[in-house]
Novice: 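Before I ask anything, let me first share the structure, which is written out below as C-alpha cells.
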Amino acid sequence: MLIIALSKGKLLDPIMDLFSLAGYRSEALAKGSRRLVFRCSGTDVTFLIVRPSDVPTYVEYGAADAGVVGKDILLEQDCDVYEPLDLKVGACKISVAVLEGHASYDSLSSKIRVATKYPKVTERYFNQRGIPVEIIKLYGSIELAPVVGLADRIVDLVETGNTLKAHHLIETEVIAHSTARLIVNRASLKLKHRPLTELIQALRSQIIQGANGKPRMRRLVLRPRKPKTALTKTR
Ligand code: PRP
C-alpha cells in the first residue's frame with residue numbers, strides 16, 4: 001500500500017485534479033469531507049490530508065511514502081527526502097516587500113526588521129547580502145506587519161500580488177520561485193519501488209501533456225482568489 005500526504009489548503013484542488021487524471025482518484029475526497037484519511041478508488045493508495053508545513057515531516061519519518069508540498073516549504077525546512085518531480089502547479093514567489101515609498105534601505109537603522117513565516121530563507125537571503133536583520137516570525141497575515149509598524153520589510157509568498165496591492169506594499173526582490181513538488185521517502189523508494197515509480201511516471205506523463213498544450217484537465221490552475229480585505233480600511 002502507498003500512503004501519500006497531500007497539503008490541505010489552496011494546493012489541494014489542483015493536486016487532486018492532477019492525481020485523478022493520472023489514475024489516482026478519491027470520490028470521498030471530492031465531496032469535501034472533514035476526514036483526513038481517504039482511500040483512492042480502485043488502487044492500493046491512501047491519501048492523508050495534512051498541514052502544508054507538516055508534509056515533509058510525514059514523508060521524512062516514513063508515515064507517508066510520498067507527499068506533495070510547495071517548494072517554499074522545502075526551502076525553509078531541511079528535510080531528508082527525494083524530490084523527483086516538479087508538479088508545475090501552485091506557482092508563486094517568495095518575495096521581499098515594503099510599504100510604498102520605503103523601498104530604499106538607506107533610511108533604516110542598522111538592523112532592519114523583517115516579518116515572515118520563512119525565517120531560515122529570510123536569514124539566508126539577507127546574510128548573503130551582508131544586510132543585518134532582526135527576524136520577526138509570524139504564522140500568517142504577514143502583510144499586516146509593516147502597516148502597523150511591526151516590521152520594515154516582509155518576506156512572504158506572492159501569487160497574484162493582490163494582497164500586497166491591497167496593503168500598499170510593493171515587491172522589491174524575488175528570493176525564489178515555488179511550485180508544488182512530489183517528495184518521496186528514501187526507504188520507501190527502495191521498498192516500494194514499483195508503485196512509486198508507477199506514480200511518478202503517471203504524474204509525469206500528465207505534466208508533459210499539459211506542457212505540450214494538449215487539453216489535460218478541467219482546471220490545473222489555481223482558482224482566482226479574492227484579495228484579503230485591506231487592513232487599513234476604516235468603516
Ligand atoms: C498567502 C501569502 C499571502 C497571499 C499571497 O497567504 O502568505 O498573504 O497568500 O497571495 P496573493 O499574491 O494572490 O494575494 P495565505 O492565503 O496562505 O494566508 P496566510 O496569510 O494566513 O498565510
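Counting starts at 1 for both ligands and their atoms, following the listed order.
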Novice: Indicate yes or no: at least one non-hydrogen side-chain atom of E76 is less than 4.5 angstrom from one of Y118.
Specialist: yes
Novice: I'd like to know if R186 and E60 make a salt bridge, using a cut-off of under 4.0 Å between side-chain N and carboxylate O.
Specialist: no
Novice: Which ligand 1 atoms does T163 reach within 4.0 Å, using its non-hydrogen atoms?
Specialist: 4 (C), 5 (C), 10 (O), 11 (P), 14 (O)
Novice: Should the proximity of D156 to ligand 1, defined as any heavy atom under 4.0 Å, be assigned to the side chain, the backbone, both, or neither?
Specialist: side chain
Novice: Which residue in the set L144, I142, L138 passes side chain to side chain contact (heavy atoms under 4.5 Å, CB included) when paired with L150?
Specialist: L138
Novice: Does an N or O from G161, backbone or side chain, lie closer than 3.5 Å to an N or O of ligand 1?
Specialist: yes
Novice: Salt bridge or not between D86 and R181? Use side-chain N to carboxylate O under 4.0 Å.
Specialist: yes
Novice: Could I get the full list of salt bridge (charged side-chain N to carboxylate O under 4.0 Å, His left out) partners for E123, not counting sequence neighbours?
Specialist: none
Novice: With heavy-atom distances below 4.0 Å as the criterion, list the atoms of ligand 1 near S141.
Specialist: 19 (P), 20 (O), 21 (O)
Novice: Hey, is the main chain of E159 close enough, under 3.5 Å, to the side chain of K93 for a donor-acceptor pair?
Specialist: no
Novice: Counting each atom of ligand 1 from 1 as listed, which ones have a heavy atom of T160 under 4.0 Å away?
Specialist: 11 (P), 12 (O), 13 (O), 14 (O)
Novice: Show me which atoms of ligand 1 lie under 4.0 Å from any heavy atom of E143.
Specialist: 3 (C), 8 (O)
Novice: Considering the heavy atoms of L157, write down every atom of ligand 1 situated less than 4.0 Å from one of them.
Specialist: 2 (C), 3 (C), 5 (C)
Novice: Go through ligand 1 atom by atom and flag the ones less than 4.0 Å from a non-hydrogen atom of K10.
Specialist: 1 (C), 9 (O), 16 (O), 17 (O)
